[in-house]
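Below: one structure, written as structure tokens.
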Amino acid sequence: MNLPNKIDNGIWATAGIHFQPNSHFQWGYSFHSNINPNLSINFLLNHVGFVVPLKKGSVEIGCGLGFGTTRRIRGNSYCDSFDSYIKYPLKTNQLLEESYSFIPSIHVFAPINGHIQFIYPLKNRFEIAATFNGFKMPSYNLFEKSETVLTKDQITPNIVAYRREEFTFNNITVKSTHRLFSIGLSLRLKL
């Protein structure tokens with residue numbers, strides 16, 4: 001069974017602090033959080049960048065590595081039935097039922113970031129920055145998986161009995177790696 005494990009499009013909030021020890025190098029920290037009622041993603045990035053001064057403004061190209069958590073709050077449960085088990089056909093009066101019950105869970109991950117931004121100076125130590133970010137990060141879903149054999153027995157012409165035999169029960173984690181891209185516009189204050 002192919003279980004979906006996606007990150008929906010949505011709104012992200014970002015806050016950061018950057019240090020520029022000279023005109024060609026910048027480093028700092030930024031915190032990123034999504035606003036999604038089903039999946040909470042929060043991570044902190046430590047990033048470095050090479051700054052290229054222009055006539056008016058500058059361009060920064062950089063990358064980062066961080067620490068984050070994903071917390072699946074809501075999800076779907078799935079169920080399907082089959083007439084075979086591991087390529088072996090079942091009897092005509094039997095079906096195999098696979099069910100996946102969603103479990104809310106928290107996972108830790110290490111995001112990787114690449115970014116480019118154009119920084120334009122304004123008056124009174126303010127700057128405006130247009131940023132393009134690319135993130136590589138995982139997404140997780142945790143399920144309880146159970147496999148049950150359903151057997152139909154015809155007792156009399158009018159009476160049918162169904163029997164359920166559960167033979168496996170375990171937890172599985174579905175992991176997907178996602179590439180997220182964001183475009184942002186921010187107001188910065190130089191201290």
- Task: Would you check if the side chain of Ser77 reaches a backbone N or O of Phe102 as a donor-acceptor pair within less than 3.5 Å?
- Result: yes

- Task: Return the set of residues passing side chain to side chain contact (heavy atoms under 4.5 Å, CB included) with His47 (not counting sequence neighbours), or none when no residue passes.
- Result: His18, Ser30, Leu45, His115

- Message: Taking the basic N atoms (NZ, or NE/NH1/NH2) and the acidic carboxylate oxygens, is any pair closer than 4.0 Å for Glu147 and Lys145?
- Response: yes

- Task: Would you mind reporting whether Ile172 and Asn170 have side-chain heavy atoms less than 4.5 Å apart?
- Result: yes

- Take Glu144 and Ser101 through the test side-chain hydrogen bond (donor to acceptor under 3.5 Å, both in side chains) and record every step on the way to the result. CA-CA 5 Å; Glu144 284 181 349; Ser101 301; 5.0 Å; no

- Query: Under 3.5 Å, is there a donor-acceptor pair linking the side chains of Ser139 and Ser176?
  - Reply: no

- Message: Within the structure provided, determine whether Phe135 and Ile112 are in side-chain contact (heavy-atom separation under 4.5 Å).
- Response: no

- Note on the structure: Closest heavy-atom pair, Asn46 versus Gly28, reported as atoms and distance to 0.1 Å, is OD1-O, 3.3 Å

- Query: Excluding sequence neighbours, so at least two apart, what forms side chain to side chain contact (heavy atoms under 4.5 Å, CB included) with Val52?
  - Reply: Phe50

- Item | Pro138 and Lys175, any side-chain heavy atoms less than 4.5 Å apart | yes

- Item | Phe169-Val174 co-clustered via ILVMFWY side chain contacts under 4.5 Å | no

- Message: Nearest 0.5 angstrom please: Leu142 CG to Thr173 OG1, how far?
- Response: 4.5 Å

- How far does CD of Glu97 sit from CD of Glu165, to the nearest 0.5 angstrom? 13.0 Å

- Query: Looking at side-chain heavy atoms only, is the closest gap between Met137 and Leu180 below 4.5 Å?
  - Reply: yes

- Task: Examine distances only and state if a side-chain atom of Arg125 and a backbone atom of Lys190 form a donor-acceptor pair shorter than 3.5 Å.
- Result: yes

- Same cluster or not: are Phe25 and Tyr29 linked, directly or through other Ile, Leu, Val, Met, Phe, Trp or Tyr residues, by side-chain heavy atoms under 4.5 angstrom apart? yes

- Item | Enclosure of Tyr162 OH (heavy-atom neighbours >12, cutoff 6.0 Å) | no

- Task: Would you please name every residue forming a side chain to side chain contact (heavy atoms under 4.5 Å, CB included) with Phe126, sequence neighbours left out?
- Result: Leu122, Asn124, Leu187, Leu189

- Message: Any non-hydrogen side-chain atom of Ile119 less than 4.5 Å from a side-chain atom of Ser58?
- Response: yes

- Task: Return yes if some donor-acceptor pair links the side-chain N/O of Asn36 with the main-chain N/O of Asn38 below 3.5 Å, else return no.
- Result: yes

- Within the distance-only criterion (no hydrogens, no angle test), does the side chain of Asn93 pair as donor or acceptor with the backbone N or O of Lys152 below 3.5 angstrom? yes

- Nearest heavy-atom neighbours spanning Phe181 and Gly134: CD2-CA, 3.9 Å

- Transitively linked via ILVMFWY side-chain contacts under 4.5 Å: Phe67 with Ile41? no

- Message: Is it the case that atom CZ in Phe118 sees more than 12 heavy atoms from other parts of the structure closer than 6.0 Å?
- Response: yes

- Query: Say you draw a straight line from CD of Gln117 to CD of Gln26; how long is it, rounded to the nearest 0.5 Å?
  - Reply: 6.5 Å

- Over 60° means perpendicular and under 30° means parallel, so classify the ring planes of Phe43 and His32, tilted if in between. parallel

- Item | Same apolar cluster (I L V M F W Y, side chains within < 4.5 Å links), Phe132/Val59 | yes

- Message: Using 30° and 60° as the class boundaries, would you call the ring planes of Tyr100 and Phe143 parallel, tilted or perpendicular?
- Response: perpendicular

- Item | Donor-acceptor contact below 3.5 Å, side chain Asn34 vs main chain Leu39 | yes

- Distance, nearest 0.5 Å, that separates OG1 of Thr14 from CG of Asn133: 7.0 Å

- Message: Between Leu95 and Leu90, is there a side-chain heavy-atom distance shorter than 4.5 Å?
- Response: no

- Return yes if a side-chain donor-acceptor contact under 3.5 Å exists between Ser33 and Asn42, otherwise no. yes

- Out of curiosity, does Val51 fall in the hydrophobic cluster containing Ile116 (side-chain heavy atoms, cut-off under 4.5 Å, transitive links)? no

